[in-house]
Amino acid sequence: MIPHSLHDTIIALATPSGRSALAIIRLSGDRAIAIMREVFSGNRPLNEHKAGRYLGYLEVADRSSEQTARIDQVILHVFPAGNSYTGEEMVEINCHGSTYVISQIFRIALDKGARMAEAGEFTKRAYINGKMDLLQAEAVADLIQAESKTSLQQALSQLDGDLSRNFQAIKERLKHQCALLELELDFSDDEQFVDRRHLMEEMCVLEKDIESLISTFDYGREVRDGAHIVIAGRPNVGKSSLLNCLLAQDRAIVTSQPGTTRDSIEEAMRVEDWLFKITDTAGIRDSANEIEQMGVVRTKALVEKADLVLWVVDASQKIEDEDIERLRELKLSTSQEIIFILNKSDLETKFAAHKLGHQIEPENLIQVSCKTGAGLEDLRDRLKRYMESRAPEKEAGIITRVRHRNLLQQVAQHLNRAVESIHDQLSAEFVAFDLRRALDSIGEIVGEVTSEEILQEIFSQFCIGK
């Protein structure tokens, strides 16, 4: 297989596949305008030097009749090199959404030397051609996948360069100190351009700034992907009913027989501006049934990985020692916030919540009735407040990906070693070495120093037309 070149002219459908009123096909590369010029007949000739919109027809030679055949009436948006999304010559073909029309336009372009674009190749070319950095390129994918107002705002902020500017400021501070240290290496051992006490203070401040950024990862991930809620508790307390009520649909099977749910069910839901991924799980109890045992094991694993746990009990039943013990075990085994749901509150309440003592905070004790809907708005409000309480003070400094966090942790390690070198009164070359490595890690985050393998991993997650 011949490897693809970034100098090829590429084509892809930018709108969803299938029949539709309209479709957009993107063509980018050195021959994009030339290919269209050969088959377009419109109100005026295509100009490769000036952006413009053209109305006309795509026409090709009919091989059977040796006459010209019209494919479709289209609008072409033509962008010269340097002024397009990719930074290359680019044509966006607005055509009718007939699957036959789309296939014919692809056939024309492929016959004239274009090739099918790879996943994310348009954005990859935009990054390589300096139209955006790697953080902004990742924000494009986040923007396409945004499912809530907050995830949209977060992606737009990153696309606008807010996070990039944050890293650029850190980079400039590091470069300044590093340059002075490296200057010392060109002079005698006694010559110092950097006061070591001041340098140590600066590195400690930078290290705190980096740790502050790292601490935003969990919130950034929850906004981007949705906070993961796990509904857990003993069998037959109404966990599946709660899922159905929150989703406003009958997603899970509900019966009066305990142990109906054997496997987990995950669905997405929005609460105002926030996205949540909510999972219903098998009831936790001792059972001789092998399948039910497997469900319990899976439930416990999901609880450990959750961002938030909704622990459901039957308010119409008396509290048992098992309830107290389960909650105690839960609080010991997880660091997640736990909201205690007293379900079936429409019945006579026999569950003495005060016996739980200080294991649960009053604001995390909510009475609901899945039968009448009472208390569900209180629960939704509590979920909203959970997300609001986790938001960092500085909106511009939120990281959203494991890649960002891992590289920032490397930066923090290099800064820590630099501080240790200063403390041990080592020469400038040792300190400068760690500062250079910190700079390289920041360069990887924004894409200044990035391997092709990492780029492939990032852009392979994009859709084809972007």
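These numbers come from the heavy atoms of this one structure, side chains and all, not from hydrogens, waters or symmetry mates.
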Exercise. Checking S103 side chain against Y100 main chain: does a donor-acceptor pair fall under 3.5 Å?
Worked result: yes
Exercise. What do the steps show when you test I339 against Y386 for side-chain contact (heavy atoms from CB on, under 4.5 Å), and what is the final call?
Worked result: CA-CA 10 Å; I339 298 178; Y386 164 79; 5.7 Å; no
Exercise. What are the two closest non-hydrogen atoms of A306 and V230, and how far apart are they?
Worked result: CB-CG2, 3.5 Å
Exercise. Counting heavy atoms not belonging to R165, are there more than 12 under 6.0 Å from its CZ?
Worked result: yes
Problem set entry | From E266 atom CD to L302 atom CG, the distance as rounded to the nearest 0.5 Å | 8.5 Å
Seminar exercise, completed: When every non-hydrogen atom of A418 is compared with those of L435, the smallest separation belongs to CB-CD2, 3.8 Å
Exercise. How about T372 and D346: does a side-chain donor come under 3.5 Å of a side-chain acceptor?
Worked result: no
Exercise. After noting the C-alpha distance and the side-chain angles of R382 and E337, does the key distance pass the salt bridge (Lys or Arg N to Asp or Glu O under 4.0 Å) rule?
Worked result: CA-CA 12 Å; R382 181 66 188 88; E337 191 161 352; 2.4 Å; yes
Problem set entry | Value rounded to 0.5 Å, distance of CD1 in I10 from CE in M90 | 8.0 Å
Exercise. With respect to L243, which candidate in I265, L310, T281 satisfies the side-chain contact (heavy atoms from CB on, under 4.5 Å) definition?
Worked result: I265
Problem set entry | E444 vs I454 side-chain heavy atoms within contact, under 4.5 Å | yes
For this session: Using a strict 4.0 Å threshold on nitrogen-to-oxygen distance, state whether R403 and E138 make a salt bridge.
Result: yes
Problem set entry | Derivation and outcome, side-chain contact (heavy atoms from CB on, under 4.5 Å), residues V101 and F106 | CA-CA 9 Å; V101 166; F106 273 103; over 6 Å; no
For this session: Report the residue from L163, I398, D162 that forms a side-chain contact (heavy atoms from CB on, under 4.5 Å) with S157.
Result: D162
For this session: For side-chain contact (heavy atoms from CB on, under 4.5 Å), just list the numbers for I11 and R26, CA-CA rounded to whole Å, side-chain angles, deciding distance to a tenth of an Å, and then say yes or no.
Result: CA-CA 6 Å; I11 186 170; R26 309 178 98 183; over 6 Å; no
Exercise. Quick one: do E377 and R380 make a salt bridge, cutoff under 4.0 Å?
Worked result: yes
Problem set entry | Salt-bridge criterion met for E201 and R197 (N-O under 4.0 Å) | no
Exercise. Between Y85 and T123, is any side-chain donor less than 3.5 angstrom from a side-chain acceptor?
Worked result: yes
For this session: Grab the two heavy atoms, one from R385 and one from E363, that are nearest each other, plus how far apart they are.
Result: NH1-OE1, 3.7 Å
Problem set entry | R417 versus H414, side-chain donor and acceptor atoms under 3.5 Å | yes
Exercise. Looking at K277 and D307, does any basic side-chain N land under 4.0 Å from a carboxylate oxygen?
Worked result: no
For this session: Specify the closest pair of heavy atoms between G465 and A12, including all atoms of both residues, with the distance to one decimal.
Result: CA-CB, 4.0 Å
For this session: Answer yes or no: does atom CD of E452 have more than 12 heavy-atom neighbours from other residues, nucleotides or ligands under 6.0 Å?
Result: yes
Exercise. Got a second to check how far E222's CD is from H228's NE2, nearest 0.5 Å?
Worked result: 11.0 Å
Exercise. Measuring from S164:OG to D133:CG, what's the distance to the nearest 0.5 Å?
Worked result: 3.5 Å
Exercise. Is the side chain of R436 donor-acceptor paired with the backbone N or O of C178 at a distance under 3.5 Å, no angle test?
Worked result: no
Exercise. With a 4.5 Å limit on heavy-atom distance, are the side chains of V74 and H96 in contact?
Worked result: no
For this session: Using modelled atom types only, decide if a donor and an acceptor are shared between the side chain of K208 and the backbone of M203 within a distance under 3.5 Å.
Result: no
Exercise. Closest approach of Q461 and E457, non-hydrogen atoms and distance?
Worked result: NE2-O, 3.2 Å
For this session: Say whether S345 and S369, considering side chains only, have a donor N or O and an acceptor N or O under 3.5 Å apart.
Result: no
Exercise. So, E121 and R115, do they make that salt bridge, N to O below 4.0 Å?
Worked result: yes
Exercise. Any salt bridge between E88 and K131, counting N to O under 4.0 Å?
Worked result: no
Problem set entry | Approximate separation, where rounding is to 0.5 Å, of S421 OG and L181 CG | 10.5 Å
Exercise. Rounded to the nearest 0.5 Å, what separation is found between the CG atom of N364 and the CZ atom of F340?
Worked result: 11.0 Å
Problem set entry | Any donor-acceptor N or O pair under 3.5 Å, side chains Q413, Q409 | no
Exercise. Okay, side chain of E202, backbone of L199: is any donor-acceptor separation there less than 3.5 Å?
Worked result: no
For this session: Using a strict 4.0 Å threshold on nitrogen-to-oxygen distance, state whether K344 and D314 make a salt bridge.
Result: yes
For this session: Please name the pair of heavy atoms, one in L13 and one in T15, separated by the smallest distance, quoted to 0.1 Å.
Result: CG-O, 3.1 Å
Problem set entry | Stacked cation flag R405 on F217, 6.0 angstrom / 45 deg | yes
For this session: Would you mind reporting whether R221 and T400 have side-chain heavy atoms less than 4.5 Å apart?
Result: no
Exercise. Side chains of L152 and D142: closer than 4.5 Å at any heavy-atom pair?
Worked result: no
Exercise. Are D273 and T150 close enough that a side-chain donor and a side-chain acceptor fall under 3.5 Å?
Worked result: no
